[in-house]
Visitor: 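One structure, pasted below without further comment.
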Amino acid sequence: MMDLFQQQMNRKDEHVGHANQQYRATSAPEFVETRFVHHPFTTVDVADVSLQTKIAGLTFNVPFFINAITGGSPLTTALNQRLAILARETGMAMATGSMSIAMKFPESTQSFKVIRQENPNGILFANLGAHYNAEAAKRAVDIIEANAIQIHVNRAQELVMPEGDRVFSNWLKNIEEIVKASAVPVIVKEVGFGFSREAIAQLESIGVSAIDISGTGGTNFAKIENGRRKEDKLDFLEDWGQTTLTSLMEAQESRTPIIASGGVKTPMDMAKCFALGASLVGLSGEMLHLVRKDDSLPDAITTVQTWKEQLTTILTLVGADSISSLQQAPIVVAPSIQNWCDARGIDWKHLAQR
């Protein structure tokens, strides 16, 4: 049994190693080519701006958070501890990485408990895969006294993963049961392959609290799992899925709060996500990069504080005094997104006329 535990711990460490190797500092072209409409006269001053946002009954003083990254091994325990301190010192919310390993091996729970220990008053999300049932979801919430639970959907990753799942037909039913039984909000999250409007409608029909569209452009789990395969690599799946901004366009008619993640690098990227309808933005790869070294916390805290200041500057320039008003700012989406929307029958022109 210990051999299996060691294999799962090794997999967690491999994921972190591959994610660090994938890191790039520059924003994807669709973020760069999506542009706000500049108006030189607005009535918003810097002091007028609030970064507070609300989702599923939770109030976030910082509109971006540490999205699901890791946990389950000694290495990832140390990473989670640094991430938890970063969240505490900057006021960010934080999600754990997948707690699947804790469902099978209770001895791994400390790598997740450390997050609540370091951040006793923060907003924390537990995280489990969609193949788990409501009882497991409750256990995950209890382990870290979570304020909400993320249920991640990762079919593309599972298919590339050598030891991954091959049965997915029960996922939506599992999520529905978790929603009915959960005492905390349920957030459904992709892991970097994006969302379609059809999938969003399916989740709305079962009453999830929020949807994290998590598009391509960030950590690529198909590439990570291909890196772990010894043979028969599925390289053709490494560009599968919808980008983050394209997924936000797919979510334009959503009545459920939307979280944006996947390749978000800068406060300007965040602002563009908000303008396309997101109420909260998650960062994983960027946060992992900030705390990758043992002595990186002071610089990481400074960076996050700078991001908050820069985001305030952008809202002031756009003439938005809040995240909700930024959601109404005029913005022109990148040509690649326009083409996608034309093919899918999604109106993108109205965004530039607001």
Side-chain angles (χ1 to χ4, degrees), residues 27-56 59-65 92 194-195 197 200 210-215 217 242-283 286 304 306-342 344 346-354:
S27 298
E30 71 164 14
F31 276 106
V32 176
E33 294 170 7
T34 294
R35 301 183 64 85
F36 284 104
V37 177
H38 171 63
H39 298 305
F41 303 109
T42 71
T43 59
V44 174
D45 298 329
V46 171
D48 298 328
V49 174
S50 169
L51 296 181
Q52 192 176 91
T53 188
K54 296 182 179 181
I55 279 188
T59 299
F60 301 83
N61 292 324
V62 180
F64 54 91
F65 71 102
M92 290 187 295
F195 255 93
R197 61 189 175 193
I200 290 168
I211 301 168
D212 185 341
I213 49 88
S214 190
Q242 284 88 258
T243 65
T244 297
L245 295 189
T246 299
S247 295
L248 284 171
M249 297 304 298
E250 291 278 336
Q252 287 298 296
E253 301 301 320
S254 174
R255 302 178 305 278
T256 301
I258 297 295
I259 300 171
S261 65
V264 180
K265 297 287 181 182
T266 67
M268 185 61 78
D269 292 348
M270 298 177 204
K272 291 172 182 178
C273 288
F274 294 131
L276 293 183
S279 296
L280 189 67
V281 169
L283 299 93
E286 204 65 30
V304 172
T306 299
W307 285 348
K308 289 192 280 186
E309 294 168 5
Q310 291 176 349
L311 190 55
T312 298
T313 297
I314 294 167
L315 265 72
T316 304
L317 185 58
V318 171
D321 62 2
S322 65
I323 299 302
S324 59
S325 58
L326 184 55
Q327 291 174 330
Q328 301 304 315
I331 190 168
V332 180
V333 297
S336 60
I337 301 173
Q338 296 174 19
N339 292 338
W340 177 279
C341 290
D342 286 343
R344 292 277 288 163
I346 299 170
D347 179 15
W348 56 268
K349 291 184 179 180
H350 79 282
L351 299 173
Q353 308 299 326
R354 297 188 294 200

Visitor: With distance as the sole test, does Gln338 use its side chain to make a donor-acceptor pair with the main-chain N or O of Trp348 at under 3.5 Å?
Guide: no
Visitor: Determine which pairs satisfy salt bridge (Lys or Arg N to Asp or Glu O under 4.0 Å) with at least one residue from residues 257-283, sequence neighbours left out, and list them in order.
Guide: Lys265-Glu286
Visitor: Checking side-chain polar atoms at under 3.5 Å, does Ser279 have a donor or acceptor matched by the opposite partner on Gln327?
Guide: yes
Visitor: CG/Leu351 to CD/Gln252 distance, rounded to the nearest 0.5 angstrom?
Guide: 5.0 Å
Visitor: Which heavy atom of Trp307 sits nearest a heavy atom of Met270, and at what distance?
Guide: CE3-CE, 4.1 Å
Visitor: Which heavy atom of Leu311 sits nearest to which heavy atom of Pro267, and what is that distance?
Guide: CD1-O, 3.6 Å
Visitor: I'd like to know if the side chain of Thr244 reaches the main chain of Gly262, judged simply by a donor and an acceptor atom lying under 3.5 Å from each other, with no hydrogens or angles considered.
Guide: yes
Visitor: Do we see a donor-acceptor contact under 3.5 Å between the side chains of Thr316 and Thr313?
Guide: no
Visitor: Going through the distances and angles, do Ser27 and Thr266 end up as a side chain to side chain contact (heavy atoms under 4.5 Å, CB included)?
Guide: CA-CA 8 Å; Ser27 298; Thr266 67; 4.0 Å; yes
Visitor: Is the shortest side-chain heavy-atom distance between Met268 and Phe31 below 4.5 Å?
Guide: no
Visitor: Would you say Val281 and Ile259 make side-chain contact, with heavy atoms under 4.5 Å?
Guide: no
Visitor: Which distance, rounded to the nearest 0.5 Å, do you find between the CG of Leu248 and the CD1 of Ile337?
Guide: 8.5 Å
Visitor: Strictly distance-based, threshold 3.5 Å: is any side-chain N or O of Asp45 a donor or acceptor partner for the main-chain N or O of Ala47?
Guide: no
Visitor: Starting from the C-alpha separation in whole Å, work towards a yes-or-no answer on side chain to side chain contact (heavy atoms under 4.5 Å, CB included) for Asp321 and Leu315.
Guide: CA-CA 6 Å; Asp321 62 2; Leu315 265 72; over 6 Å; no
Visitor: With Asn61, which of Gln52, Lys308, Met92 fulfils side-chain contact (heavy atoms from CB on, under 4.5 Å)?
Guide: Gln52
Visitor: Going by heavy atoms in the side chains, are Val264 and Cys273 under 4.5 Å from each other?
Guide: yes
Visitor: CG of Leu317 to NE2 of His38: how many Å apart, nearest 0.5 Å?
Guide: 6.0 Å
Visitor: Before you tell me yes or no, could you show the steps for Val333 and Leu276 under side chain to side chain contact (heavy atoms under 4.5 Å, CB included), namely the whole-Å CA-CA distance, both residues' side-chain angles and the distance that decides it to 0.1 Å?
Guide: CA-CA 9 Å; Val333 297; Leu276 293 183; 3.9 Å; yes
Visitor: What verdict does the side chain to side chain contact (heavy atoms under 4.5 Å, CB included) test give for Ile331 and Arg354, after you've listed the backbone C-alpha separation in whole Å, the side-chain angles of each residue and the deciding distance to 0.1 Å?
Guide: CA-CA 8 Å; Ile331 190 168; Arg354 297 188 294 200; 3.8 Å; yes
Visitor: Ignoring hydrogens and angles, state whether a donor on the side chain of Trp340 or Glu250 is under 3.5 Å from an acceptor on the partner side chain.
Guide: yes
Visitor: Over all heavy atoms of both residues, which pair between Val49 and Ala320 is shortest? Give the atoms and the distance, please.
Guide: CG2-O, 3.8 Å
Visitor: I need the Ser336 OG to Leu245 CG distance, nearest 0.5 Å.
Guide: 8.5 Å
Visitor: Search all heavy atoms of Ser261 against all heavy atoms of Asp212 and return the closest pair with its distance.
Guide: OG-OD1, 2.7 Å
Visitor: What distance separates Ile323 CD1 from Phe274 CZ, expressed to the nearest 0.5 Å?
Guide: 4.0 Å
Visitor: Can you name the closest pair of heavy atoms from Pro257 and Ile55 and give their distance?
Guide: CB-CG1, 4.0 Å
Visitor: Name all pairs fulfilling the salt bridge (Lys or Arg N to Asp or Glu O under 4.0 Å) condition that reach into residues 27-37, sequence neighbours left out, sorted by first residue then second.
Guide: none
Visitor: What pair of heavy atoms forms the shortest contact from Pro63 to Leu51, and how long is it?
Guide: CD-O, 3.3 Å
Visitor: What distance separates Ser322 OG from Asp48 CG, expressed to the nearest 0.5 Å?
Guide: 11.0 Å
Visitor: Considering residues at least two apart in sequence or located in another chain, which fulfil the ring-ring contact (aromatic ring centres under 6.0 Å, His included) criterion with Phe65?
Guide: Phe125
Visitor: With side chains defined as the heavy atoms from C-beta onward, is the minimum distance between Leu280 and Phe64 less than 4.5 Å?
Guide: no
Visitor: Checking the side chain of Asp342 only, and the main-chain atoms of Arg344 only, is there a donor and an acceptor separated by less than 3.5 Å?
Guide: no
